[in-house]
Amino acid sequence: QVQLVESGGASVQAGGSLRLSCAASGDTTIDNVNYMGWFRQVPGREREGVATLYIRTGSRYYAKSVEGRFTISRDETKNALYLQMDSLKPEDTAMYYCAAGRVIDWEHNLLPRPYKYWGQGTQVTVAS
């Protein structure tokens, strides 16, 4: 089992920045977790991938809507995942979730389905 706890969500003005954090605990060995990532969801819409990280190589993947504005990173010593969000837009408003799991097909790493472990979410609101 893996436990994930997000923090850092807040209300900000458009153009501002936020840094989300995700503290991971439990069985985060490579046999159980090879990808970690950030997803977001607004009411009435499906959960979507924002950014993911392949733990073995550090490769990063981004949704086109956030590429160049968001940066995913990981601190192995703290077993923590981060999402630096810059140049925020009102359309970035959502509940943001940290996820971890063993993704078999790398082409699906930005889809929520392969991820087994999820945090409770942290709200990000961007005002125009």
Side-chain angles (χ1 to χ4, degrees):
Q1 283 291 336
V2 175
Q3 295 76 42
L4 304 170
V5 180
E6 306 96 332
S7 61
S11 296
V12 297
Q13 292 291 318
S17 297
L18 278 177
R19 187 191 194 213
L20 304 184
S21 299
C22 172
S25 60
D27 183 9
T28 57
T29 59
I30 198 67
D31 289 339
N32 196 35
V33 174
N34 65 349
Y35 275 89
M36 295 186 72
W38 292 95
F39 293 76
R40 66 187 181 187
Q41 189 171 22
V42 298
R45 297 181 62 179
E46 292 186 356
R47 191 168 297 187
E48 64 174 0
V50 175
T52 61
L53 187 149
Y54 182 44
I55 292 175
R56 188 182 296 275
T57 64
S59 298
R60 305 171 186 184
Y61 304 88
Y62 296 95
K64 292 188 185 303
S65 59
V66 306
E67 204 158 15
R69 300 188 297 121
F70 290 12
T71 303
I72 188 171
S73 62
R74 180 172 175 259
D75 185 332
E76 186 176 356
T77 64
K78 297 180 179 179
N79 212 2
L81 188 73
Y82 305 100
L83 184 68
Q84 177 67 40
M85 304 186 295
D86 298 319
S87 303
L88 282 161
K89 303 176 181 180
E91 50 264 43
D92 294 318
T93 295
M95 184 71 78
Y96 283 71
Y97 297 90
C98 177
R102 184 157 183 81
V103 179
I104 303 302
D105 187 345
W106 74 270
E107 292 182 334
H108 296 162
N109 75 79
L110 277 169
L111 297 177
R113 187 175 62 245
Y115 293 83
K116 182 176 181 180
Y117 307 106
W118 293 88
Q120 82 288 349
T122 186
Q123 178 68 36
V124 172
T125 302
V126 184
S128 57

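Nothing fancy with the numbering, it's 1 onward along the sequence. Not measured: the values here are computed from a predicted model.
Here the side chains of Q13 and L88 are not in contact, with every heavy-atom distance at 4.5 Å or above. Considering only heavy atoms from C-beta on, R74 comes within 4.5 Å of I55 through its side chain. R60 has its side chain within reach of T71: a pair of non-hydrogen atoms, C-beta onward, lies under 4.5 Å apart.
To the nearest 0.5 angstrom, R113 atom CZ is 14.0 Å from R47 atom CZ. Once rounded to the nearest 0.5 Å, the distance linking CG of L81 with CD1 of I72 reads 4.5 Å. M36 contributes atom CE, which lies 11.5 Å from atom OG1 of T52 (distance to the nearest 0.5 angstrom).
E6 places a side-chain N or O within donor-acceptor distance of the main-chain N or O of C98, the cut-off being under 3.5 Å. Between the side chain of D75 and the main chain of A80, no donor-acceptor pair closer than 3.5 Å is present.
Evaluation of the ring-ring contact (aromatic ring centres under 6.0 Å, His included) test over residues 17-42, restricted to residues two or more places apart or in two chains, returns Y35-Y54, F39-Y115, F39-W118. Within the structure, ring-ring contact (aromatic ring centres under 6.0 Å, His included) pairs that include any residue of residues 61-111 do not occur (at least two apart or interchain).
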Checklist entry - Which is it for V124 and L20 under the side chain to side chain contact (heavy atoms under 4.5 Å, CB included) test, yes or no, and what are the steps along the way? => result CA-CA 9 Å; V124 172; L20 304 184; 4.0 Å; yes

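When all heavy atoms of A51 and L83 are compared, the closest pair comes out as CB-CD1, 4.1 Å. Considering all non-hydrogen atoms of both residues, A14 and S128 come closest at CB-CA, 4.3 Å.
Here V42 is tied to no hydrophobic group at all, with no ILVMFWY side chain closer than 4.5 Å.
By the salt bridge (charged side-chain N to carboxylate O under 4.0 Å, His left out) test, E91 is found to be paired with no residue, residues two or more places apart in sequence or in another chain being considered. Not a single side-chain hydrogen bond (donor to acceptor under 3.5 Å, both in side chains) links S7 to another residue, sequence neighbours left out. With sequence neighbours excluded, the residues satisfying salt bridge (charged side-chain N to carboxylate O under 4.0 Å, His left out) with R40 are E48, D92.
Among D27, N32, D31, the one residue that satisfies the side-chain hydrogen bond (donor to acceptor under 3.5 Å, both in side chains) test with T29 is D27.
Counted within 6.0 Å of CD on Q120, heavy atoms from surrounding residues, nucleotides or ligands total more than 12; the atom is thus considered enclosed.
Linking ILVMFWY side-chain heavy atoms closer than 4.5 Å, directly or via other members, places V103 and L110 in a single hydrophobic cluster. Criterion: ILVMFWY side-chain heavy atoms under 4.5 Å apart, direct or through other members. Under it, I30 and L53 are part of a common hydrophobic cluster. By the criterion of side-chain heavy atoms lying less than 4.5 angstrom apart, applied directly or through intervening Ile, Leu, Val, Met, Phe, Trp or Tyr residues, V12 is grouped together with M85 in one hydrophobic cluster.
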